[in-house]
Amino acid sequence: MTVAVCAGFYACRYGLQRPVMSVYALFGVIALGVLSRMTGSGRARSAGVVRALPVALTLTAVGTLLAVHTLTAVLGMVVVGFTFTFSAVAGPRVAGPSSGLQLCYILACFPPYAPQQIGDRLAGLALGMGLLAAAERWLLPEKPTRGYRTRLALASATAARLAARLAADGRTGEGTDDRTVDAIADDLSPARLPQGERPAAPSRTSRAYAQAGASARTLLHQLRGLTHTRPDCPDALAAALLEAVADTCRHTAEALRDEAPPRPGAVHEAIVRFQTARRRAVHERPEPDPRFRAAVLAAAESARNVELAARVALCGRGIGSVEPRSLFWYADAPTWWLWARRVRAHLTPRSVLFQNAVRVALGLGVARLVAGLLDLSHGFWVLLAVLTLVRTTVVQTRQAVARALAGTLAGALCAAALLTVLGPDSMVYAALLAPVMIATFALGPLLGIAWAQAMFTVLVSIVFAQLAPATWQLDEVRLLDVLIGSTVGLLCGLLAWPRGARRELLNAMARLLRECAGLVTSVTAAILTGPGRGAPVNGEPASHALVLAQTAYAQYLSEPGSPELDGDATDWHVALMVGQHALAGSYWIPLYDRPDRAALTEREAHEARRQAVTLSRTLTATAAAADGGGPSYDPAEPLPPAGPPAADVPELADLELWLAILRNDVHLLHEPARRPHGAGSA
């Protein structure tokens, strides 16, 4: 960044004698290099800067034209602030440069209204961003990380080895220890990837990779669990299904490595054969271990989901519709509709992304209005303070403002002394620019916001001293502007959702748990209604609730804990697992043939309903507690265990396994309540 800034600034200021062009060259680098969250390898960041260039030029041109009146500039600021902050719905790759792009509008929308300067402004910005892209690409570039497709291929290959080993009853095949399997599964967590490389966009490919990754993680854990619960006597029926799982995972891994459509696996046909043979065998003799076969069937369904999701990701819309439609609804949907669906899902006050966008837009709009009404000479510093200091909670904002003001005051004193001692000699400041910039860019992020603000204050003083004669009053103006911007940011944080994601997290989790409670009873009722090919239970409300809960939880993790959270007896990450497991079961359990009513005894049906109703009530009680409306489940009194599986009704064993997984999730949900105070949570 220092090389890019100095090359552009010196060339424009001293070579071309274009001060305006030099300012925009400098801030073009700062906008995309400092304020933006560009992640990934040097090549990826360079490509991100190039993609952002047309948007930055457009915002600069619009800001230049709207600076004609304060009102037009304020309205433009509100629109730009909301739009680019809300762009987080499109995923981190799109949202990464949003703060930097807002700075491009901020810098141009302030007086003087000078449309005749638009050429210099655009040229300087293009030069600065072009130099930054070149520096990211060729100057000390970071090596590319393992992409999600590569990690997914490794997980599929590992699953193939585990399934082959299980099919051979553990006597042959390459073994893989539990820690290795866990590490490969954890590598599929989006948190392990740079933000820009996470499959979080609304596009078909991102959705498919995210679904494949979640299914692959589940599959690895299922297969690892099967290695510890394998029955003593061989089970030829389960072994045949596991061989199909291994074959499908092997083909999927090869396709992901070659980035080619996978060959159709045999797992779907194997599932049908397994269910048919399983039902036929019931009339001859009871199943040797119904729960083991149910677990093998669940693993096969996960493998099928991995294969189909990988096929959608690699083939695109050309694959057509994919069954089950409720799970792969996006496979043949138009791209514009996928984006519209994501935006519509977050256009609600319940979305933390919507809340953040309103908060930032309000703060920037008010700051631009105040700067215009007070006719501040360097008013863009007011908006820059709002842009960089506003946080998602008023507590965070207050802490950031206090540190920033202390740092700005210290930096202003140092810069004022520097300007007084050195006088108007611009060449001295030109010599100081590079070392001060390196110190600012390198040490600021390491030492905290106070140091960053102090060093940035010195840096901008050195820059503006080269553009026009400057005195210590320049730092007085910057301190005043930062104070005004901080005050505006505090007021907006106090008025607009001051508690951040805490309250919204509880609302979202309560809604998710209620939807899961409904799925439990609906799926159980569907299984017990009688024979016939079923259809997935409608999980759309639960799916939408899960999306909002995931975004609220992601923001919640980014906020520091407040005293009210101490001793919280709920592990909300497990609540997301409840949602994922409930949705998965609602998709695949009803797809299989439902049990014959004649094969069901009244005791077995009653036991299944009892488990479902008890679990549903527990989830509802936990949701009520999250909303503050009732007592929660007491972890000291665990849920009643499931009865023995119905050996003569294999479909019922599948249902009981699903309910057992959810019961275990609920138990983990309140696990911190039994830990000593201060103990860490998983």
Side-chain angles (χ1 to χ4, degrees), residues 186 189-191 200 210-211 213-214 217-218 221 345-346 348 350-353 499-523 539-559 561-562 564-587 612 614-639 658-675 679-682:
D186 290 343
S189 171
Q211 185 171 341
R217 291 186 72 183
T218 301
H221 290 306
H346 286 280
T348 167
R350 291 298 189 188
S351 169
V352 292
L353 301 182
R499 296 177 66 186
R502 164 65 177 173
R503 182 65 256 168
E504 209 50 62
L505 174 72
L506 297 178
N507 291 335
M509 292 299 181
R511 178 184 173 188
L512 175 62
L513 293 173
R514 288 194 187 97
E515 296 293 347
C516 292
L519 286 180
V520 166
T521 54
S522 298
V523 171
E540 181 64 26
S543 179
H544 184 218
L546 180 60
V547 169
L548 294 180
Q550 287 170 332
T551 54
Y553 183 71
Q555 179 170 309
Y556 172 76
L557 290 182
S558 70
E559 298 173 354
S562 57
E564 64 181 337
L565 296 179
D566 289 342
D568 191 346
T570 306
D571 184 352
W572 292 117
H573 181 261
V574 180
L576 298 180
M577 293 170 52
V578 173
Q580 292 165 349
H581 290 154
L583 278 169
S586 71
Y587 285 132
T614 304
L615 179 59
S616 179
R617 287 175 179 172
T618 302
L619 290 168
T620 303
T622 305
D627 266 346
S632 180
Y633 155 67
D634 183 3
E637 300 178 3
L639 289 166
W658 178 59
L659 294 176
I661 292 172
L662 292 177
R663 272 196 305 274
N664 183 63
D665 288 344
V666 172
H667 191 64
L668 292 176
L669 189 61
H670 299 275
E671 185 69 23
R674 290 185 286 180
R675 298 192 186 117
S681 64

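- In this structure, the side chain of Ser586 engages the main chain of Leu583 through a donor-acceptor pair within 3.5 Å.
- Taking each heavy atom of Gly579 and Cys516 in turn, the nearest pair found is CA-SG, 3.6 Å.
- Note that the CG atom of Asp665 and the CG atom of Leu513 stand 10.5 Å from one another [nearest 0.5 Å].
- One finds the OG1 atom of Thr618 at 10.0 Å from the CZ atom of Arg663 (value rounded to the nearest 0.5 Å).
- Proximity of a side-chain donor or acceptor of Ser351 to a complementary backbone N or O of Thr348 within less than 3.5 Å is not detected.
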Test log, rule side-chain contact (heavy atoms from CB on, under 4.5 Å), inputs Val352 and His346: CA-CA 8 Å; Val352 292; His346 286 280; over 6 Å; no

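- Taking every heavy atom of both residues into account, Ala345 and His544 meet most closely at O-NE2, 3.3 Å.
- Of all heavy-atom pairs between Ala542 and Leu512, the closest is O-CD1, 3.9 Å.
- Contact check for Leu619 versus Arg514: no side-chain heavy atoms found under the 4.5 Å cut-off.
- Among all heavy-atom pairs drawn from Thr521 and Ala612, the shortest one is CG2-O, 4.4 Å.
- Partners of Arg511 under the salt bridge (Lys or Arg N to Asp or Glu O under 4.0 Å) rule, at least two apart in sequence or in another chain, do not exist in this structure.
- In terms of the side chain to side chain donor-acceptor pair (under 3.5 Å) criterion, Gln580 has no residue partners (sequence neighbours excluded).
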Let me see the working for Asp186 and Arg217 under side-chain contact (heavy atoms from CB on, under 4.5 Å), right down to the final yes or no. CA-CA 7 Å; Asp186 290 343; Arg217 291 186 72 183; 3.6 Å; yes

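- Gly539 and Leu519 get closest at one heavy-atom pair: CA-CD2, 4.3 Å.
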Candidate pair Val520 and Leu662, rule side-chain contact (heavy atoms from CB on, under 4.5 Å), full reasoning: CA-CA 9 Å; Val520 166; Leu662 292 177; 3.7 Å; yes

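- Rounding to the nearest 0.5 angstrom, the gap separating the CG atom in Leu505 from the CG atom in Leu548 is 11.5 Å.
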